[in-house]
Amino acid sequence: MPENPETSGTPGTTGASYAAAGVDIEAGDRAVELMKEWVKKTQRPEVLGGIGGFAGLFDASALKRFERPLLASATDGVGTKVDIARRLGVYDTIGHDLVAMVMDDIVVCGAEPLFMTDYICVGKVHPERVAAIVKGIAEGCVLAGCALVGGETAEHPGLLGPDDFDVAGAGTGVVEADRLLGADRIRTGDAVIAMAASGLHSNGYSLVRHVLLNQAGLSLDAHIEEFGRTLGEELLVPTKIYSLDCLALTRTTDVHAYSHITGGGLAANLARVIPDTLHAIVDRSTWTPDPVFDLVGRTGSVDRLELEKTLNMGVGMIAIVPEESADVALATLADRGVDAWVAGEITDRTDAHTTGAELVGDYATN
């Protein structure tokens with residue numbers, strides 16, 4: 001029988017194709033070309049080769065300067081904050097959030113960020129959009145002091161809408177074994193130093209979107225007096241990247257531990273680095289959360305404890321240092337432009353203390 005021209009795989013027929021299924025290989029190639037200049041800006045001397053290979057290469061001989069190098073690894077995404085970026089058509093800031101989520105987890109143990117890879121999943125490849133996302137990731141890598149050694153862009157037509165996307169990343173860092181930070185270094189009387197967040201960062205956006213956009217029906221273009229900008233601009237403020245600030249602090253101060261305040265809030269994340277015999281007390285009266293936290297709580301009638309276990313409430317990173325080192329630590333951070341303050345202390349654990357960390361008092365008001 002003669003072949004059906006609609007199903008034949010011979011040249012010149014109209015059979016099924018990858019492009020007909022919604023995957024545009026040429027657009028993907030164009031996106032790679034557009035992102036190359038940004039990836040190049042992140043290169044460290046240990047990086048071999050360039051973008052386009054099957055794997056990123058990092059010269060591990062650079063680790064010979066360590067007596068006993070420990071590799072630290074982390075992976076993360078930015079959650080439903082990508083929906084705000086999609087709605088506003090702003091793609092060049094979300095990458096900062098991704099780097100912060102990954103590399104600020106790595107620096108918590110005292111590790112120096114080395115390199116990162118990204119994964120961008122889209123419904124349809126718009127080369128300029130993908131390049132803008134990578135631009136943001138590359139800029140974030142520069143701020144974190146790491147290289148962007150590779151990544152993947154995947155087109156998923158039929159699963160995602162043509163304007164939908166998501167991002168994820170993985171990173172690696174290194175720390176000398178005898179300089180590893182953590183719970184075993186913390187002592188009674190240590191000071192808990194809070195570093196200010198740049199805003200909501202990249203956690204709790206399911207609650208924020210539900211309250212402000214779905215329940216209250218606010219427009220992302222609406223000007224909010226307390227913010228001095230639109231709601232969308234406030235919600236897209238990039239997550240602060242603390243990596244180099246934390247590394248600088250470890251060079252000037254005897255840091256015992258860090259805690260990156262992400263999903264779960266301040267108390268829960270701080271408790272992760274507190275030993276079973278000790279307890280962290282954080283005094284709310286030492287700072288005033290930014291207006292966006294009040295707007296979410298007030299608009300959605302969200303209980304304070306619910307807010308505190310969902311949002312960072314204005315604190316993005318915690319450093320735990322000896323009490324006598326607190327002034328030096330604050331001076332170091334101030335020199336680097338980081339707003340920081342002594343927010344609490346480490347005490348002995350009692351029967352009444354079951355969580356490892358707690359917030360006490362009421363927030364200061366302006």
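Worth knowing before you read on, the calculation uses all heavy atoms, side chains too, and leaves out hydrogens, waters and symmetry mates.
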Undergrad: Would you indicate whether the side-chain heavy atoms of Tyr363 and Met313 approach each other to under 4.5 Å?
TA: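 Yes. Closest side-chain heavy atoms under 4.5 Å.
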Undergrad: Please answer: with hydrophobic residues joined when any side-chain heavy atoms are less than 4.5 Å apart, are Val328 and Val338 in the same cluster?
TA: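 Shared cluster, no.
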Undergrad: Nearest 0.5 Å please: distance from the CD1 atom of Ile133 over to the CG atom of Asp166.
TA: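 It comes to 9.5 Å.
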Undergrad: Ignoring hydrogens, what is the shortest heavy-atom contact between Leu160 and Cys121? Give both atom names and the distance.
TA: CD1-SG, 3.6 Å
Undergrad: So, does Arg187 use its side chain to make a donor-acceptor pair with the main chain of Asp184 at under 3.5 Å?
TA: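 Pair found, side chain donor or acceptor close to backbone of Asp184.
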Undergrad: Can you check whether Pro238's main-chain N or O pairs, donor with acceptor, with Ser198's side chain at less than 3.5 Å?
TA: yes
Undergrad: Using the ring of Phe66 (Phe, Tyr or Trp, six-membered ring only), decide whether Lys64 places NZ or CZ under 6.0 Å from its centre and within 45 degrees of its axis.
TA: no
Undergrad: Check the surroundings of atom CZ in Arg179: do more than 12 heavy atoms from other residues, nucleotides or ligands lie under 6.0 Å from it?
TA: no
Undergrad: Side-chain contact, heavy-atom cut-off 4.5 Å: Lys81 with Ile94?
TA: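 Yes, their side chains come closer than 4.5 Å.
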Undergrad: With a cut-off of 6.0 Å (strictly less than), are more than 12 heavy atoms of other residues, nucleotides or ligands near CD of Glu323?
TA: no
Undergrad: Check the pair Asp348 / Thr277 against side chain to side chain contact (heavy atoms under 4.5 Å, CB included), numbers first and verdict last.
TA: CA-CA 6 Å; Asp348 291 324; Thr277 58; over 6 Å; no
Undergrad: Hey, is Asp362 close enough to Arg304 for a salt bridge, meaning N to O under 4.0 Å?
TA: yes
Undergrad: Can you tell me how far apart CE (Met101) and CG (Asp97) are? Round to the nearest 0.5 Å.
TA: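 If we round to the nearest 0.5 Å, Met101:CE and Asp97:CG are 7.0 Å apart.
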Undergrad: Run the side chain to side chain contact (heavy atoms under 4.5 Å, CB included) check on Asp92 and Val90 step by step: do they pass?
TA: CA-CA 6 Å; Asp92 62 352; Val90 177; 3.7 Å; yes
Undergrad: When you group the ILVMFWY residues by side-chain heavy-atom contacts below 4.5 Å and let the links chain together, are Val321 and Leu247 in the same group?
TA: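 Yes, Leu247 connects to Val321 through the hydrophobic network.
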Undergrad: Which value, rounded to the nearest 0.5 Å, describes the distance between His279 atom NE2 and Arg349 atom CZ?
TA: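 It is 7.0 Å, given to the nearest 0.5 Å.
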Undergrad: Answer whether the closest heavy-atom distance between the side chains of Ile120 and Asp118 falls below 4.5 Å.
TA: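 SC-SC contact between Ile120 and Asp118 confirmed.
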Undergrad: Which atom pair, heavy atoms only, marks the closest approach of Ala194 to Val315?
TA: CB-CG1, 3.8 Å
Undergrad: Hey, is Glu308 close enough to Arg284 for a salt bridge, meaning N to O under 4.0 Å?
TA: yes
Undergrad: Could you walk me through whether Thr239 and Ser202 pass the side chain to side chain donor-acceptor pair (under 3.5 Å) check?
TA: CA-CA 6 Å; Thr239 305; Ser202 300; 2.7 Å; yes
Undergrad: Are Asp83 and Arg86 ion-paired here, with the side-chain N under 4.0 Å from a carboxylate O?
TA: yes
Undergrad: Looking at Arg272, I want to see if its CZ is surrounded by more than 12 non-hydrogen atoms of other residues, nucleotides or ligands under 6.0 Å.
TA: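 Counting neighbours around CZ of Arg272, 12 or fewer heavy atoms of other residues, nucleotides or ligands fall under 6.0 Å, so no.
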Undergrad: Do Ile318 and Ile320 come close enough that some side-chain heavy atom pair is under 4.5 Å?
TA: yes
Undergrad: So does Asp163 pair up with Lys124, basic N to acidic O under 4.0 Å?
TA: no
Undergrad: Return yes if some donor-acceptor pair links the side-chain N/O of Thr172 with the main-chain N/O of Phe115 below 3.5 Å, else return no.
TA: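 A pair under 3.5 Å: no.
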Undergrad: Does a side-chain N-to-carboxylate-O contact under 4.0 Å join Glu112 and Arg251?
TA: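 Judged by the 4.0 Å cut-off on N to carboxylate O distance, Glu112 and Arg251 do not form a salt bridge.
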Undergrad: Which heavy atom of Ala280 sits nearest to which heavy atom of Ile274, and what is that distance?
TA: CB-CD1, 3.9 Å
Undergrad: Checking side chain to side chain contact (heavy atoms under 4.5 Å, CB included) for the pair His256/Ile346: CA distance, chi angles, key distance, verdict?
TA: CA-CA 12 Å; His256 287 169; Ile346 302 298; over 6 Å; no
Undergrad: Please examine the side chains of Asn312 and Leu266, heavy atoms only from C-beta on, and report whether any two atoms are closer than 4.5 Å.
TA: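 Contact flag for Leu266/Asn312 side chains = no.
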Undergrad: Can any side-chain N or O of Asp190 pair as donor or acceptor with the backbone N or O of Ile186 at less than 3.5 Å?
TA: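 Side chain of Asp190 to backbone of Ile186, a donor-acceptor pair under 3.5 Å: no, none is there.
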Undergrad: Nearest 0.5 angstrom please: Leu295 CG to Leu218 CG, how far?
TA: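 With rounding to 0.5 Å, CG (Leu295) is 6.5 Å from CG (Leu218).
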Undergrad: Would you say that Thr153 contacts Tyr119 through its side chain, given a criterion of any heavy-atom pair below 4.5 Å between the two side chains?
TA: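 Answer no - side chains too far apart.
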Undergrad: State, with a plain yes or no, whether a side-chain heavy atom of Val208 is found less than 4.5 Å away from one of Thr310.
TA: no
Undergrad: Applying a strict under-4.5 Å side-chain criterion to I, L, V, M, F, W and Y, I'd like to know whether Leu213 and Phe227 cluster together.
TA: yes
Undergrad: Taking Leu236 as the starting point, is it possible to reach Leu98 by hopping between hydrophobic residues whose side chains are less than 4.5 Å apart?
TA: no
Undergrad: Applying side chain to side chain contact (heavy atoms under 4.5 Å, CB included), run through Leu148 and Thr117 and close with a yes or a no.
TA: CA-CA 6 Å; Leu148 181 60; Thr117 58; 5.6 Å; no
Undergrad: So, for Gly314 and Trp341, which heavy atoms are closest and what is the spacing to 0.1 Å?
TA: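 Smallest interatomic distance, heavy atoms only, reads O-CH2, 4.2 Å.
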Undergrad: Any salt bridge linking Arg129 with Glu155? Criterion: basic side-chain nitrogen under 4.0 Å from a carboxylate oxygen.
TA: no
Undergrad: Closer than 4.0 angstrom, basic N to acidic O: yes or no for Arg68 and Asp178?
TA: no
Undergrad: Could you measure the distance from the CD atom of Glu345 to the CD1 atom of Ile281? Nearest 0.5 Å is fine.
TA: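 Result: 6.0 Å between the selected atoms.
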Undergrad: Does the separation of the ring centres of Tyr258 and Tyr242 fall below 6.0 angstrom?
TA: no
Undergrad: Report yes or no: do Leu270 and Met195 belong to one cluster of Ile/Leu/Val/Met/Phe/Trp/Tyr joined by side chain heavy-atom distances under 4.5 Å?
TA: no
Undergrad: With a 3.5 Å distance limit and no angle check, can you tell me whether Arg185 reaches the backbone of Leu180 through a side-chain donor-acceptor pair?
TA: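 Yes; judged by distance alone, with no hydrogens or angles, the pair exists.
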Undergrad: Stepwise, does the side chain to side chain donor-acceptor pair (under 3.5 Å) test hold for Ser325 with Thr253?
TA: CA-CA 6 Å; Ser325 300; Thr253 311; over 6 Å; no
Undergrad: Is there a donor-acceptor contact under 3.5 Å linking the side chains of Asp221 and Thr230?
TA: no
Undergrad: Do you know the tightest heavy-atom contact between Val342 and Ala191?
TA: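 Taking Val342 first and Ala191 second, the nearest heavy atoms are CG1-CB, 4.5 Å.
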Undergrad: Would you give the length of the straight line joining atom NE2 of His96 to atom NE2 of His201, rounded to the nearest 0.5 angstrom?
TA: 13.0 Å
Undergrad: Ser243 vs Asp104, test: side chain to side chain donor-acceptor pair (under 3.5 Å). Steps then yes/no.
TA: CA-CA 6 Å; Ser243 302; Asp104 283 346; 2.8 Å; yes
Undergrad: For Trp287 and Asp283, work out which heavy atoms get closest and say how close.
TA: CZ3-O, 3.4 Å
Undergrad: Would a distance-only check, ignoring hydrogens and angles, find a side-chain to backbone donor-acceptor pair under 3.5 Å from Glu176 to Glu67?
TA: yes
Undergrad: Under the 3.5 angstrom rule, does the side chain of Asp303 hit a backbone N or O of Leu305 as a donor-acceptor pair?
TA: yes
Undergrad: Quick one: does Ile261's side chain get under 4.5 Å of Asn203's, heavy atoms only?
TA: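 Not touching, per the 4.5 Å side-chain cut-off.
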